[in-house]
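Take a look at the structure set out below.
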Amino acid sequence: MKKFLIALMIALTMILNSAQVYAADAWAIAAEALGVLAAYQSTLREMLALGNNAEAQMAVRKQDRKQNGVDKNKRDVEIVDSVMTRLVNGGQYELRVNSLPFVWSVNDDEKFNAACYPMNYITVNRGLVRNLNSNENMIAAVLAHEMIHGLEQHSAKSYAQAVAQRLGAMMIGMNADNGRNIDWGKFAGMVDYSIAKNINVPVEYAADEGGFYLMTSAGFNPGGGAAAMNRLGYYVRYETTNFLEFDAHDKSSDETFSDHPDTDKREAKMAELMSNYGGGHVTVRKIDRAYKVLIDGREIFYSMNAGDDTTSAAINAYLFAGGLAKAFHDYDSIDAWKFRREDNQTDFLNDDFAYREVRELSRLYNLGDKVQTLVELAYKYENPRTRQRIREADEARKISWAKIKSEADSAKAKAATQLRVNADIYNDYGQGELALKQIERALNAKNQDDIAECLGIRGRAKAICGDYDGALADANAAVDKDSANLYNFLNRADVRHMRGELDLALEDIDRALNLDDNNPISYKLQAEIFDEQNNSAQAEESYRKVYELTKKNPHTVPLKYLEKIDAKAAEKIRKEKAKEKADDES
C-alpha cells in the first residue's frame, strides 16, 4: 500500500519541513492547515481523485510489476485470472461513479498477502496462491475481500483519517509546549504507520462480510472464506518469519504493525456467515484438532488432518459444509439436489466446482445415502420463515447495490465527463476491454455531455478488441452526430488505422487539422502512419510539429526521428535508457 503514496508523502514531508522554521508560532501552522476536519476533507478529495484516475491505475500496475516482479508460474496467473474474471463479471456489485474497473496482477512476492490500491488495482502475491493450495474458492474469498476494500474506498478514507489524526495529535502537542518538541521529520512516517492502523478491525470485518457475499454471488463455495482464514491463521502462527507481516496475538489496545483482526475470530465469523447463508442448516464444529460438519445438529462428516498437513481437516470441513450451504441457499426444495444412484453410491448436485469437495468426499467415504437422509429431514422440518429470510436478505443486497448504480448513473456532468476521460485513457494504453466497460458507464450517465465523443471512444475500443466493423459503425456515428469535434475525426482515424485503411485515416486527420492545426495528437497519429508507409520525410516533418507543440518533450518522438530533430535530447534519452537497463540488471 505504501508505494503509490510515496510521492504524496514526500510532498507532505517537504511542506512540514518548511514549516519547521516557523515552529515558534505553532498555532499559525495549525491554522494554515485549516484544522483537522479540513485536513481530512482535503486529503480525502485528493485520494478519491487519485482513485478515479485511469492514468494512475496504469502507472501503479506498471510500478508494482517492475518493483515486485511478475509471477513466472503460468498456473498461478491462470488461477488468479480465472477467479478475478468470475468475480468481476459474475459477482453482485456496482462501481461508484468515482471508481475504476478492477485491474489485477500476480507479483513474485512469496508472502501470504494481497492488496487493493485506491484506484482498484489489486496486486496478488504468488505466496497467497501457493499458501491457499491454489484453491479457487479460498482465493476468491481473499480477492473478493480486497474488492470490497476498493468498492468502499477504504484506502482513501484511511489515509485521510491518518493525516487528520496525526495533525490532531500534533496540535495537542503544540498547545502544551508551543510545538518546540515536535519531531517534524517523523511526521510522514507516522502517517504511513497510521494508514495500516486505520484499515482497522471493523473495516476488516466489513470487508470479510462484503467479500463473502460478493464471492458467493459469483458462484464460489461459501466455505472458502472460513477455510482461507484457517489457513492464514496457521501461516501467521507457524510459518512466517517476518514479525512485521502479521501479529497473531494482536490486542485492540496494543499498537502493533498488524492491521488485521485475530484470524480465529475472523474464521468463526466467516463460518457463521456460511451457516446463515444456507438457512442455518449447516454448521462446522471444532473438536480438538478435528472438525465435524453437521446438518441441523446431526453429524454428516468428521474431518481429520492427514499426515503433516495440519490444515487439511478444517479446509475439507469448510468446503464440504460450504457446498451443502450453497445448495440449501440456492434450492427451495430437495428435488433440485438431484439425488441419484451411480456406481452403487448415491450422488447428488452437479459438476459446478463449488460442489467439488462435498461430492468428492461423499464418494470417498460413501456418505451419499446419509446426506440424502439428512437433507430430506432438513427440508421436511424447515421453518417456513427460513426461505423467506434467505430471499429477503438476497433482495436487500440487490437493492443496496442498485442504489449505488442509480447514484452513479445520476451523477453530475463533471463526474460523467471523467468516465469518458478514463475510457479514453484505457484506449491509449491499449486496454480495449477496460475502455468498453468504462464507456458503457459513461453512456449510461444521465448527465453525459458528449454522447458523440463517447461513441467515438467506444469505436476505438472495439477496434482494439478486434471488432473492426462495430468500431467503424460507432466512429461514423460519432462524426455524423458532431462533425465540429476534432476528436471524433481522430478516433475514426485511429479506427481506420487499425483496419489498415491508411489513406482514409490520413483524410480524417486532415479534417481534424482543419478544425485545429495546433493539436499535437493529430500530428503524432499522422507521423505514425507516414512512418508505416515508409514516408520518412513526411513522418519527420509531422514529428517536428509534435515536438514543437509539446514544448520539446523528447518522449513524444521515437528515438530515430528525435536524433534528426534534436540530437542532444536524443543522446540524453539514450543514456537514461542505458541507466535503466543497468539498474534492472543489477
Side-chain angles (χ1 to χ4, degrees), residues 53-59 61-63 65-66 421 423-432 435 453 456-457 459-461 463-466 468 471-472 475 479 485-585:
N53 186 324
E55 191 86 45
Q57 186 188 60
M58 293 292 103
R61 179 176 181 269
K62 181 179 179 181
Q63 183 186 53
R65 292 165 70 91
K66 182 178 180 180
V421 169
D424 206 28
I425 291 171
Y426 284 135
N427 276 338
D428 290 343
Y429 278 90
Q431 299 289 330
E453 191 169 308
I457 291 169
R460 189 173 168 220
I464 292 170
C465 292
Y468 299 117
L472 187 58
V479 170
N485 185 340
L486 68 91
Y487 290 104
N488 291 335
F489 286 107
L490 290 179
N491 280 322
R492 189 168 71 177
D494 204 16
V495 167
R496 285 175 161 165
H497 181 199
M498 285 183 271
R499 286 168 60 93
E501 301 168 347
L502 302 187
D503 290 337
L504 291 174
L506 289 172
E507 289 180 11
D508 274 332
I509 293 169
D510 286 340
R511 292 173 184 173
L513 288 170
N514 286 334
L515 292 170
D516 181 1
D517 62 358
N518 286 313
N519 188 307
I521 299 173
S522 302
Y523 289 107
K524 185 170 178 61
L525 183 54
Q526 185 184 61
E528 290 171 355
I529 294 174
F530 283 144
D531 182 59
E532 285 182 35
Q533 293 178 328
N534 294 317
N535 191 338
S536 300
Q538 286 191 283
E540 181 184 335
E541 183 179 342
S542 296
Y543 275 126
R544 283 186 184 278
K545 292 293 294 185
V546 173
Y547 196 56
E548 293 169 7
L549 293 171
T550 57
K551 298 180 180 179
K552 296 187 176 181
N553 180 351
H555 298 286
T556 61
V557 179
L559 195 58
K560 71 175 184 177
Y561 287 104
L562 186 61
E563 289 171 342
K564 300 176 182 179
I565 297 169
D566 189 335
K568 289 184 179 180
E571 180 61 23
K572 184 178 179 181
I573 292 290
R574 191 179 290 105
K575 288 180 179 179
E576 289 175 358
K577 288 184 176 181
K579 185 178 183 301
E580 286 179 7
K581 184 178 179 181
D583 290 342
D584 290 341
E585 289 175 350

- Passes side chain to side chain contact (heavy atoms under 4.5 Å, CB included), Val479 versus Arg511? Steps please. CA-CA 11 Å; Val479 170; Arg511 292 173 184 173; 5.6 Å; no
- Please tell me if the side chains of Tyr547 and Leu562 come closer than 4.5 Å, counting only heavy atoms from C-beta onward. yes
- Test Gln431 against Met58 for side chain to side chain contact (heavy atoms under 4.5 Å, CB included), laying out the working first. CA-CA 10 Å; Gln431 299 289 330; Met58 293 292 103; 4.0 Å; yes
- Charged N-O contact under 4.0 Å between Glu548 and Arg544: no
- Message: So does Leu490 get a backbone contact from the side chain of Asp494, meaning a donor-acceptor N/O pair under 3.5 Å?
- Response: no
- Message: Using salt bridge (charged side-chain N to carboxylate O under 4.0 Å, His left out), reason through Asp424 and Arg460 one step at a time and then give a plain yes or no.
- Response: CA-CA 9 Å; Asp424 206 28; Arg460 189 173 168 220; 3.2 Å; yes
- Query: With side chains defined as the heavy atoms from C-beta onward, is the minimum distance between Ile521 and Lys524 less than 4.5 Å?
  - Reply: no
- Query: Testing Gln538, Gln533, Glu532 for side-chain hydrogen bond (donor to acceptor under 3.5 Å, both in side chains) with Asn535, which one passes?
  - Reply: Gln538
- Point-to-point distance, once rounded to the nearest 0.5 Å, from CG of Leu506 to CD1 of Ile529: 4.5 Å
- From Asn519 atom CG to Leu549 atom CG, the distance as rounded to the nearest 0.5 Å: 8.0 Å
- Assess the side chains of Glu528 and His497: does a donor N or O sit below 3.5 Å from an acceptor N or O? no
- Task: Check whether any side-chain heavy atom of Lys572 sits under 4.5 Å from a side-chain heavy atom of Glu576, and report yes or no.
- Result: yes
- Message: Between Phe489 and Asp510, is there a side-chain heavy-atom distance shorter than 4.5 Å?
- Response: no
- Note on the structure: Tightest non-hydrogen contact, residues Ala493 and Ala505, listed as O-CB, 3.4 Å
- Item | Heavy-atom side-chain contact between Gln57 and Ile425 under 4.5 Å | no
- Would you give the length of the straight line joining atom CG of Asp517 to atom OH of Tyr523, rounded to the nearest 0.5 angstrom? 5.0 Å
- Note on the structure: Heavy-atom nearest pair, Ser522 first then Ala512, reads OG-CB, 4.0 Å
- Query: Where is the tightest heavy-atom contact between Asn518 and Pro520, given as atom of each residue plus distance?
  - Reply: O-CD, 3.4 Å
- Task: Taking all non-hydrogen atoms of both residues into account, name the closest pair between Ala461 and Ala435 and its distance.
- Result: CB-CB, 3.7 Å
- Item | For Ala463, side chain to side chain contact (heavy atoms under 4.5 Å, CB included) partners two or more places apart | Tyr468, Ala471, Val495, Met498
- Item | Distance in Å, Arg499 CZ paired with Leu472 CG, rounded so as to fall on 0.5 Å steps | 4.5 Å
Donor-acceptor list for residues 552-561 side chains, cut-off 3.5 Å, not counting sequence neighbours:
from	atom 1	to	atom 2	distance (Å)
Asn553	OD1	His555	N	3.0
Thr556	OG1	Thr550	OG1	3.4
Thr556	OG1	Asn553	O	2.7
Lys560	NZ	Asp531	OD1	3.1
Tyr561	OH	Asp531	OD1	2.7

- Message: Just checking Glu541: does its CD atom have more than 12 heavy atoms from other residues, nucleotides or ligands closer to it than 6.0 angstrom?
- Response: no
- Note on the structure: Rounding to 0.5 Å, atoms CG (Asp516) and OH (Tyr487) come to a distance of 7.5 Å
- Message: For Ala527 versus Ser542, what's the shortest heavy-atom pair and its separation?
- Response: CB-CB, 3.5 Å
- Task: Tell me, with the steps shown, if Arg574 and Glu571 meet salt bridge (charged side-chain N to carboxylate O under 4.0 Å, His left out).
- Result: CA-CA 5 Å; Arg574 191 179 290 105; Glu571 180 61 23; 2.7 Å; yes
- Could you tell me whether the side chain of Asn427 and the main chain of Ile457 form a donor-acceptor pair under 3.5 Å? yes
